Amino acid sequence: MPELPDVEVYRRRVERQVQHRTLTGAVVGDPLVLDGVSVSTLQRAVRGATAGAPRRHGKQLFVRLERGDDEGGGSPAWLRFHFGMTGRLRVVPEDDVPEYAYVQLALDAGETLAFTVPRKLGRVGLVDDPDAYVETKGLGPDALRIDRPRFEAVLSGRRGMIKTAFLDQSVLAGLGNIYADEILFQVGVHPRAKIAGLDAEPRHALFDAMKEVLHVAIQHEADPDALPPDRYLLPHRRGDDRDPFTGEKLQTVKAGGRTAYFSPSRQPEP
DNA sequence: CAGTTACCCTGTGCGC
DNA sequence: TGCGCACAGGGTAACT
């Protein structure tokens with residue numbers, strides 16, 4: 001699931017349902033999903049802390065842990081969530097925790113923030129500064145916040161394929177396999193098209209489509225099947241497999257090691 | 001540098 | 001009905 005739109009939905013969920021509440025403890029069902037922290041360290045960091053404003057960069061979600069000035073007087077700690085392919089985050093009743101909730105953060109009022117991750121490819125960690133984390137991990141600018149000049153700058157000079165660049169989090173942070181496909185479909189660019197072969201007009205259109213697709217996806221709660229089926233690829237990507245405009249069968253190719261769906265007539269071979 | 005493959009994990013869906 | 005295999009919206013390392 002989680003590409004930028006999903007993580008933004010989770011961020012807003014934390015903002016509305018978790019911010020300002022006190023975390024009373026942590027339960028870890030499998031330490032494999034912890035990144036660089038022990039169970040006990042996570043528990044100490046969480047217990048008694050108040051959730052601050054959540055932040056997102058690309059597919060990373062950060063939640064600040066605030067506490068009274070009597071303890072932890074050093075640098076602030078932030079929870080970091082990365083969702084892998086199947087991670088989810090939601091607030092549930094403490095007596096109705098879903099399956100695969102390998103990290104559970106207890107809230108007040110009998111509720112729990114459940115991080116579910118069936119395939120265990122997601123991670124929860126602690127960082128002391130989200131900006132520093134983004135920097136040291138070499139993440140590119142956030143796809144939702146980047147402006148047009150920066151967008152053109154990060155693409156310029158690249159020799160590879162457009163989809164590979166979109167999937168590379170060090171170029172642009174937040175796009176994943178399915179929203180990259182959607183953007184390329186909207187603009188009519190083949191996933192294996194070389195960036196160097198795209199002139200100013202399609203680059204301009206790619207920026208516009210990226211912003212539009214991300215905003216619309218967030219409006220639809222990051223449910224790809226909820227996008228308007230008359231003009232978006234994703235509702236058809238696993239359903240009827242047909243281009244909503246022409247009715248022709250979608251095709252697939254590999255790019256960047258992942259399967260790209262595209263419409264052969266709208267997105268001609270480079 | 002660009003591109004591909006293998007791997008990390010485990011659930012699901014399809015073909016036989 | 002049951003079994004095996006390929007694949008899945010992420011990321012990284014190693015190899016061509």
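Throughout, a chain's letter reflects where its sequence line sits, starting with A, and its residues are numbered from 1. Just so it is clear, the model here is predicted, and its values are computed rather than measured.
Residue A:H82 places no side-chain N or O under 4.0 Å from the OP1 or OP2 atom of C:dG10. The side chain of A:Y100 contributes an N or O atom lying less than 4.0 Å from OP1 or OP2 of B:dG11. At least one side-chain nitrogen or oxygen of A:K59 sits closer than 4.0 Å to the OP1 or OP2 atom of C:dG11.
The CG-C1' distance, from A:L121 to C:dG10, rounds to 7 Å in whole Å. A:D30 has its CG atom 10 Å from the P atom of B:dC9, to the nearest Å. For the pair A:E221 CD and C:dG9 C1', the computed distance is 17 Å after rounding to whole Å. Look at CZ on A:R80: it is 11 Å from P on C:dG11, rounded to the nearest Å. If you measure from atom OH of A:Y261 to atom C1' of C:dA8, you get 10 Å, rounded to the nearest angstrom. Atom P of nucleotide B:dG13 and atom CZ of A:R238 are separated by 11 Å, given to the nearest angstrom. The interatomic distance linking A:E99 (CD) with B:dT12 (P) rounds to 8 Å, in whole Å. The OH-C1' distance, from A:Y102 to B:dC8, rounds to 14 Å in whole Å.
No contact: A:Y179 has no heavy atom under 4.0 Å from any strand. No contact: A:R123 has no heavy atom under 4.0 Å from any strand. If you check every strand for non-hydrogen atoms under 4.0 Å, A:R237 touches sugar and phosphate atoms only. Among the atoms of the strands shown, none is found under 4.0 Å from any heavy atom of A:T86.
Using a 4.0 Å cut-off between charged nitrogen and carboxylate oxygen, A:D225 and A:R238 do not count as a salt-bridge pair. A:R148 has a carboxylate O that lies under 4.0 Å from a charged side-chain N of A:D208, or vice versa, which qualifies the two as a salt bridge. The residues A:D243 and A:K249 are annotated as not salt-bridged, no charged nitrogen and carboxylate oxygen being separated by less than 4.0 angstrom.
The listed nucleotides are B:dT10, B:dA2, C:dG9; the one nearest the side chain of A:I178 is C:dG9. When distances are taken from the side chain of A:P118 to each of C:dG9, C:dA8, B:dG11, the shortest belongs to B:dG11. For A:N177, the listed nucleotide lying nearest its side chain is C:dG10; candidates were C:dG10, B:dG3, B:dT10. Of the listed nucleotides (C:dG9, C:dG11, B:dG11), C:dG11 has the atom at the smallest distance from the side chain of A:Q169.
Take A:R242 and apply the salt bridge (charged side-chain N to carboxylate O under 4.0 Å, His left out) test, not counting sequence neighbours, and it matches no residue. With sequence neighbours excluded, no residue forms a side-chain hydrogen bond (donor to acceptor under 3.5 Å, both in side chains) with A:Y102.
Mapped onto DNA chain C by nearest heavy atom, A:R119 and A:K137 fall at different nucleotides, with A:R119 at the one closer to the 5' end.
Within a 6.0 Å sphere centred on CZ of A:R150, other residues, nucleotides and ligands contribute 12 heavy atoms or fewer. Other residues, nucleotides and ligands contribute only 12 or fewer heavy atoms inside 6.0 Å of the NZ atom of A:K137.
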Please set out all donor-acceptor pairs under 3.5 angstrom arising from side-chain atoms of residues 22-29 of chain A, sequence neighbours excluded.
unit_1: A:T24; atom_1: OG1; unit_2: A:A106; atom_2: O; d: 3.4

Q. Based on Watson-Crick and G-U pairs with both distances under 3.5 Å, what dot-bracket line describes DNA chain B 5' to 3', crossing pairs as [ ] and inter-strand pairs as |?
A. .|||||||.|||||||
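In this structure, A:K211 and A:I146 have side chains that are in contact, with non-hydrogen atoms separated by less than 4.5 Å. Considering only heavy atoms from C-beta on, A:L89 comes within 4.5 Å of A:F83 through its side chain.
In this structure, a donor-acceptor pair under 3.5 Å is absent between the side chains of A:E66 and A:T50.
Taking CZ of A:R258 as the reference point, atom CG of A:D181 lies at 11.5 Å (rounded to 0.5 Å).
Within residues 160-167 of chain A, the residues approaching DNA chain B are A:G160, A:M161, by heavy-atom distance under 4.0 Å. Residues of residues 31-41 of chain A that place a heavy atom closer than 4.0 Å to DNA chain C do not occur.
B:dT5 and C:dA6 have their P atoms separated by 15 Å, given to the nearest Å. Spacing between B:dC8 and C:dC3 at atom C1', rounded to whole Å, works out to 24 Å. B:dT4 and C:dA8: their P atoms are spaced 16 Å apart (whole Å). With both ends at atom P, the span from C:dC5 to B:dA6 equals 16 Å, rounded to whole Å.
Relative to the ring axis of A:F185, A:R266 places its NZ or CZ within 45° and under 6.0 Å from the centre.
Using the six-membered ring where Trp is involved, A:F62 and A:Y133 have ring planes that are perpendicular, over 60° apart on the 30 and 60° scheme.
Applying the 3.5 Å distance criterion, the base of C:dG10 shares a donor-acceptor pair with the side chain of A:R258.
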